[in-house]
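First listed ligand is number 1; within each ligand, the first listed atom is number 1. Just so it is clear, the model here is predicted, and its values are computed rather than measured.
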Amino acid sequence: MIEFQTLAGQNVLRDAYGFARRQLRRLVETYPDFYPMYTMQGRWKHSGEAWTHWCDGFLPGMLWIVYAREAEAKAPDARWWREQAIRYSKPLEPRKLDRDVHDLGFIFMSPYYRWYRLTNDPTLKAVLMEAGNTLALRFRERGEYLRSFVSEDSLFIDIMMNVGIIYYAALEREDARLMDIANRHSLTSRRVLVRGDGSTAHEGLFDLETGAFLKQTTHQGYRGDSCWSRGLAWALYGFSTCYGYTRDPRFLQTAQACADFYIERTPADGVPPWDYDAPPESRSQVDTSAAAIAAAGLFRLGGLSPDSAKGLLYDNVARHIVASLCRNLAQPDAEWEGILKAGVYHIHKKLGVNESVMWGEYFLMEALDAALGD
Ligand code: GLY
């Protein structure tokens, strides 16, 4: 169970943010125009397999976070951060029509939504709405879900992090059809992927003829009936976002169930094993990226919780996790190119195991930004 007495002081948070900003600059200057995914022995550029192309929004998303903070602080290099953020965001635009991935929320909300909020430029909003519309094309009436990238009969918990862009497009366009798709996908995910104890399955499989739900299974977790910690963190954050858009109490209840499972089942420092049900010898491998996502999700859930005591609890746990992650930074290892050590991508394929991973960096930055405040 997480003990949440340890909160990082502002100086620890500021040091961590300063280190993250330096590593980000190093990445941009060392490998210009390269969109990394995971490190190999601490190096971003390598020939390792991608499995699927879902990470390109995270680097520009981080650049926008840094730009916003630096501009607020009237830092002399704020302009440089803005130029880099635009340089890495623009090439993503054609992917608003990408039908090969279920990740258009990751790819567009991380950079374009931040860019739009900073500028109010309607062309950026149009890109977000088009990407939301494209993602909605994955919806299957039989089964009522957005299909994953692997096959027609497959639903991933990760898609709960992406469905937000459909809600966004639905609300901006006042489009009842998109709203209905987003709601039905979220309710199906809640019904078939979130268990009674708040744990989650990675994947659900459906009968293509009848739409009947068949079974829970996994690609990146230990087993179909286990709880892959990153999937749990995606659910915690994703259902919180879903509640933010809809105010449907069913989504709040699900986000809280996932958060409560995370708090009860994660070790005291708030950093989970890669899968809660993996055998003990394998469970010693933590996934700091799951912790970073959970921290960012808990900040979001804390801010949305109608019950102020629960909101405060989630906020405190988020701060405690951020404090722990500040102890996992790569700072003492000058050769390491990432920010946060000990993330995991795909343990069975041996991709990015005990490495820095781009989504871990992004959600750490988002959580640090929330913890630091204005
Ligand atoms: N594809 C999402 C993940 O690896 O968590």
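Under the 4.5 Å side-chain heavy-atom criterion for grouping Ile, Leu, Val, Met, Phe, Trp and Tyr, V353 is connected to L351 within one hydrophobic cluster.
For atom 3 (C) of ligand 1, the nearest non-hydrogen atom of the protein is R230 NH2, 3.3 Å. Residue, atom and distance of the protein heavy atom nearest to atom 2 (C) of ligand 1 are D158 OD2, 2.9 Å.
Side-chain polar atoms of D56 and Y88 form no donor-acceptor pair below 3.5 angstrom.
For ligand 1, the polar-atom distance check finds an N/O of W234 within less than 3.5 Å of one of the ligand's N/O atoms.
Ring to ring, W234 and F239 are not that close: their centroids are 6.0 angstrom or more apart. Aromatic pair W359/Y362: centroids not less than 6.0 angstrom apart.
Of all the heavy atoms of F156, none lies under 4.0 Å from any atom of ligand 1, so neither backbone nor side chain is involved. When non-hydrogen atoms are compared, ligand 1 lies under 4.0 Å from neither the backbone nor the side chain of W359. Only side-chain heavy atoms of Q220 come within less than 4.0 Å of ligand 1; its backbone N, CA, C and O stay farther off. For F149, no heavy-atom contact with ligand 1 is shorter than 4.0 Å.
In this structure, W228 has a heavy atom closer than 4.0 Å to ligand 1. Not a single heavy atom of F106 sits closer than 4.0 Å to an atom of ligand 1.
Salt-bridge annotation for E83 and R87: absent, with no side-chain N of the basic residue lying under 4.0 Å from a carboxylate O of the acidic one. Using a 4.0 Å cut-off between a side-chain N of Lys or Arg and a carboxylate O of Asp or Glu, R140 and E144 do not qualify as a salt bridge.
Using a 4.0 Å cut-off to heavy atoms of Y345, the atoms of ligand 1 that qualify are 4 (O).
Taking CD1 of I157 as the reference point, atom OG of S148 lies at 12.5 Å (rounded to 0.5 Å).
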